[in-house]
Amino acid sequence: MTRPLLSLVAGVLLALAVPAMAQPPGQGPAPGRERIARMIEEHFARRLREDVGLGAEQVERIMPMVRRLQQERRQAREARLRALQELRRVLASGTATEARVAGLVQSLRAQEREAPERVRRGMDEIDAQLTPVQQAKFRILEVALERKVREARERWRRQGAPRDGGRAPGDDDPDP
């Protein structure tokens, strides 16, 4: 598939998803967060076949691994943000002690050490199913899709989407 056509497919997918996310609840068939995530996953699976050159059986084997990897990345981001928010709360309270802050920083550092290892294991699991060329194409595809989703989230936010309860898919990065 040519690059312009890929961009068109991704653009159509996101064009359908973004306005639907901004639609107020109860007004028409706005797809929820889960449906949008499913649409993105289906798009990713299609791109695995087309861009990476995987067969249907390989895609079936890899998609659960991709889901686990994405979940691991999301959980790592959320855990880090929670730790930073707790540090901010403790420091802002005026009651922070050296021992309390040291404990929180130690927990944050442990999470920052462990998360990349868990992500690496997830990538190793996927890589074991792919040739070196497919591994390279997979990484490029992953970055491209993440960029498209991030751009769609930004467009959605600029359109004045509500921040509470109406968050964009994958929007798990509240201010630390």
Side-chain angles (χ1 to χ4, degrees), residues 1-23 30-56 58-82 84 111-112 115-176:
M1 187 177 269
T2 65
R3 186 167 183 81
L5 187 54
L6 291 175
S7 295
L8 176 64
V9 170
V12 168
L13 174 69
L14 294 172
L16 292 172
V18 172
M21 289 186 294
Q23 192 172 21
R33 184 181 183 103
E34 290 176 19
R35 179 156 180 241
I36 292 168
R38 202 170 35 254
M39 289 168 53
I40 292 169
E41 185 176 300
E42 289 168 4
H43 177 71
F44 190 76
R46 190 170 41 258
R47 299 269 311 261
L48 282 172
R49 286 189 297 277
E50 296 170 359
D51 296 0
V52 181
L54 303 185
Q58 276 183 298
V59 172
E60 287 291 320
R61 268 196 326 265
I62 287 177
M63 285 310 293
M65 297 174 205
V66 169
R67 283 185 213 104
R68 284 191 300 273
L69 177 63
Q70 291 304 319
Q71 181 179 4
E72 190 61 56
R73 287 176 174 156
R74 186 172 35 258
Q75 288 173 345
R77 278 192 313 269
E78 290 170 355
R80 184 172 189 277
L81 289 172
R82 280 192 304 274
L84 289 169
Q111 191 278 327
E112 289 173 338
E117 178 60 25
R118 291 190 307 267
V119 169
R120 187 195 59 75
R121 282 194 304 264
M123 282 303 300
D124 287 349
E125 183 182 22
I126 292 168
D127 284 347
Q129 304 294 316
L130 305 173
T131 68
V133 171
Q134 289 172 332
Q135 291 171 20
K137 289 178 178 181
F138 176 85
R139 282 166 174 78
I140 290 167
L141 173 60
E142 229 186 357
V143 169
L145 186 58
E146 177 59 32
R147 182 179 48 80
K148 291 281 188 190
V149 170
R150 192 174 39 251
E151 289 169 357
R153 261 196 324 252
E154 289 305 313
R155 280 193 306 273
W156 187 69
R157 285 183 189 139
R158 284 192 303 269
Q159 292 174 354
R163 287 293 293 163
D164 55 357
R167 292 168 54 187
D171 188 9
D172 48 12
D173 49 321
D175 295 329

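Residues take their numbers from the sequence shown, with the count starting at 1. Please read all numbers here as calculations on a predicted model, not as lab measurements.
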For this session: Determine, for Glu117 against Arg121, whether the closest basic-nitrogen to carboxylate-oxygen distance falls under 4.0 angstrom.
Result: yes
Exercise. Are the charged groups of Glu146 and Arg73 less than 4.0 angstrom apart, N to O?
Worked result: no
Give the minimum heavy-atom separation between [X] and [Y], together with the two atoms involved.
X: His43; Y: Leu145; value: CD2-CD1, 3.7 Å
X: Leu48; Y: Met63; value: CD1-SD, 3.6 Å
X: Gln129; Y: Gln134; value: O-OE1, 4.4 Å
X: Leu69; Y: Val119; value: CD1-O, 3.6 Å

In Å, rounded to the nearest 0.5 Å, how long is the span from [atom1] of [X] to [atom2] of [Y]?
X: Arg47; Y: Ile140; atom1: CZ; atom2: CD1; answer: 11.0 Å
X: Asp124; Y: Met65; atom1: CG; atom2: CE; answer: 12.0 Å
X: Glu42; Y: Met39; atom1: CD; atom2: CE; answer: 8.0 Å
X: Leu54; Y: Ile62; atom1: CG; atom2: CD1; answer: 5.0 Å
X: Asp127; Y: Glu125; atom1: CG; atom2: CD; answer: 10.5 Å
X: Arg118; Y: Gln111; atom1: CZ; atom2: CD; answer: 6.5 Å

Do [X] and [Y] have side-chain heavy atoms sitting under 4.5 Å apart?
X: Arg153; Y: Arg150; value: yes
X: Val59; Y: Val52; value: no
X: Val66; Y: Phe138; value: yes
X: Pro64; Y: Arg68; value: yes

Exercise. Are Gln70 and Glu142 close enough that a side-chain donor and a side-chain acceptor fall under 3.5 Å?
Worked result: yes
For this session: Could you go through the side chain to side chain contact (heavy atoms under 4.5 Å, CB included) check for Arg120 and Met123 one step at a time?
Result: CA-CA 5 Å; Arg120 187 195 59 75; Met123 282 303 300; 5.6 Å; no
For this session: Evaluate whether atom CD of Glu151 has more than 12 neighbouring non-hydrogen atoms of other residues, nucleotides or ligands under 6.0 angstrom away.
Result: yes
